[in-house]
Amino acid sequence: MVQRIQALSILFSLLLTANAVPYGKDHDIGNAKAAYFIPKNAKNAVVALKINSDGTLCDGSITPTGGAGESGIFGATNMPAGPDSLFSQSPLTIAGNFLFTVNPGSNTLSLFSIFRGDATKLTPIGNPVSTLGEFPVSVTTHPYHNTVCVANSGAKAGVACSTYSYNGLSPMDGLREFDIGQTTPPVGPTNTASQTFFNEDGTQLLTTFPCGKVSMRGTQSSPAGTAVLFGVTNIPGSSDILVTDASFGAAILSVSPSGTGTTANILKIANQAATCWATYSSVIGTGFVTDVGVNRLVEVIPSTGALGRVFNSHNGNPGMVGLAPSGKFVYALSPGNQTVETAVAVFDVVTGGKITELQNFKVEGVGRSSQDMVIFYD
Ligand SMILES: *[C@@H]1O[C@H](CO)[C@@H](O)[C@H](O)[C@H]1NC(C)=O
C-alpha cells in the first residue's frame, strides 16, 4: 500500500465567453424523469432507468455510446479495478437535455440528446470526439456556458475542453497536462484524477487527485488534513466545496478566487471503508456521501460543518458509489459484487425529518462495476 499520500486540488482558470448561453438548470427541483449510469462494459453504454411520478424507478434502456469502456488497474493486486473501475466521480454528466459520457477505453467523449417525451430515449449527436489524452474518467459542464471539460488519467493525462450544441461537440481545445507518471490504463486509485468540476459560478475548473505527484500549469494545493481527495460537490451560495476523502470520510474546503483550497472542516466518519462520492440536495441544504464498502448514506451539514443523519441500509447491497438528489429523494448506485446484483437505492431524505429507503431497484445484466448516477428533470 501507499506509504504517504498527499492530496491536491488543482485549478485551471478557463476563459469563458461573456455571452454564454444558459444550457440548463442545475438544481434538483422539478419532475425527475430518468436516472443514468454507465455499466462496466467493453462496449461502453449508458443505462437509463425511468423515474415514476412517486420517485420509484422502473426499467428503461441501454444505449451504446459508440466508444469503449475499460477498467483501471488496482495497484494493491495488479488486477483490473472494480467496483470503482475508473477511480473517479462523474464519468457521465447532463446539461439541459444534453448527456455526455467518457469512453475510457477509446479516449473519447460521446454526446447524446435526451428525448423530452421519454427521457430513457437517447440519440447520439455526431461522433465521439478525442479527449486529447488517454483514459478519460470525469466530465463536467456548467449551466452558464456551453463548455464541457474532461479529465484524462492515463499515460497522456490532463484536462481538455470543448463546446457543444445540437450540431455536436467541437474538437477539444488542447490538453492541459497533469504530470502524474501514469500508464494506460492507469494504476490506482492513488496518482489518478478523481474528478474535474466547475465551481459554482462556472469561472474555475478544479480537479481532485488522491496523490502527491502532480505538476502542471495552474494552481495546486494540498488542503491541511486531507489525504485521498475524491468526489466533490459544490455548496451552492458559497465558494466552498464538499469533498470526500477515502481515508477518513469528508471535508469542507474553501476555494479562493485564485483556486487554492483550504480546509474549513474535517468530518471523520466512524468505521468508514472508502468514502468516495458526494452530492448536495438543495431542497434541504445538506450534502450526502457514500462509501463503496459500507452500505449507508451519511449526511453532511455545511452550515454547521458537522455530520448529520446516518442511514444504515439493510437491503443487502455491499455499498454505494455515485449518488444524485432529486426533490426529497436521493438516488444511489450500488455496483453489486459477484453475488449481489447492481441496484439503485432510492432514499427519501425529507419526509418526517427522517431518512427512509423507498426502493432498492435491481438492474440485471449490467456487470458488477457500474459508475455514476445522474438525474434528468423536465
Ligand atoms: C457481496 O455483498 C454482500 C453484501 O455486503 C456480502 O454479503 C457478500 O459476501 C458479497 N459477496 C462477495 C463475493 O464478496
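Bear in mind the structure is a predicted one, so any value in this text is a computation, not a measurement. Both counts, for ligands and for their atoms, begin at 1 and track the order of listing.
Backbone and side-chain nitrogen or oxygen atoms of Q338 are examined, and none is located within less than 3.5 angstrom of a nitrogen or oxygen of ligand 1.
Within 6.0 Å of atom CG in N52, more than 12 heavy atoms from other residues, nucleotides or ligands are found, so the atom counts as buried in its surroundings.
For atom 5 (O) of ligand 1, the closest non-hydrogen atom on the protein side is P318 CA, 3.4 Å.
For atom 11 (N) of ligand 1, a protein heavy-atom neighbour is present inside the 4.0 Å cut-off. For atom 7 (O) of ligand 1, the nearest protein heavy atom lies 4.0 Å or farther away.
Residue contact check: G316 has heavy atoms under 4.0 Å from atoms 4 (C) of ligand 1. The ligand atoms of ligand 1 that sit less than 4.0 angstrom from a heavy atom of T339 are 1 (C), 8 (C), 10 (C), 11 (N), 12 (C), 13 (C).
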_For a ring pair (Phe, Tyr, Trp, His ring centres under 6.0 Å) check, start with the C-alpha distance between F98 and Y166, then their side-chain angles and the critical distance, and finish with the verdict._
CA-CA 9 Å; F98 293 102; Y166 286 104; 4.5 Å; yes
*asked:* For T131 and N152: C-alpha separation, side-chain torsions, deciding distance, then whether side chain to side chain donor-acceptor pair (under 3.5 Å) applies.
replied: CA-CA 7 Å; T131 60; N152 297 275; 2.7 Å; yes
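The distance from atom CZ of F112 to atom OG1 of T65, rounded to the nearest 0.5 Å, is 5.5 Å. To the nearest 0.5 Å, the span separating CG on L122 from OG1 on T63 amounts to 4.5 Å.
Of the listed options N337, V340, N317, V294, N337 places a heavy atom closest to atom 2 (O) of ligand 1.
Across every non-hydrogen atom of I180 and F209, the tightest pair is CG2-CE2, 4.2 Å.
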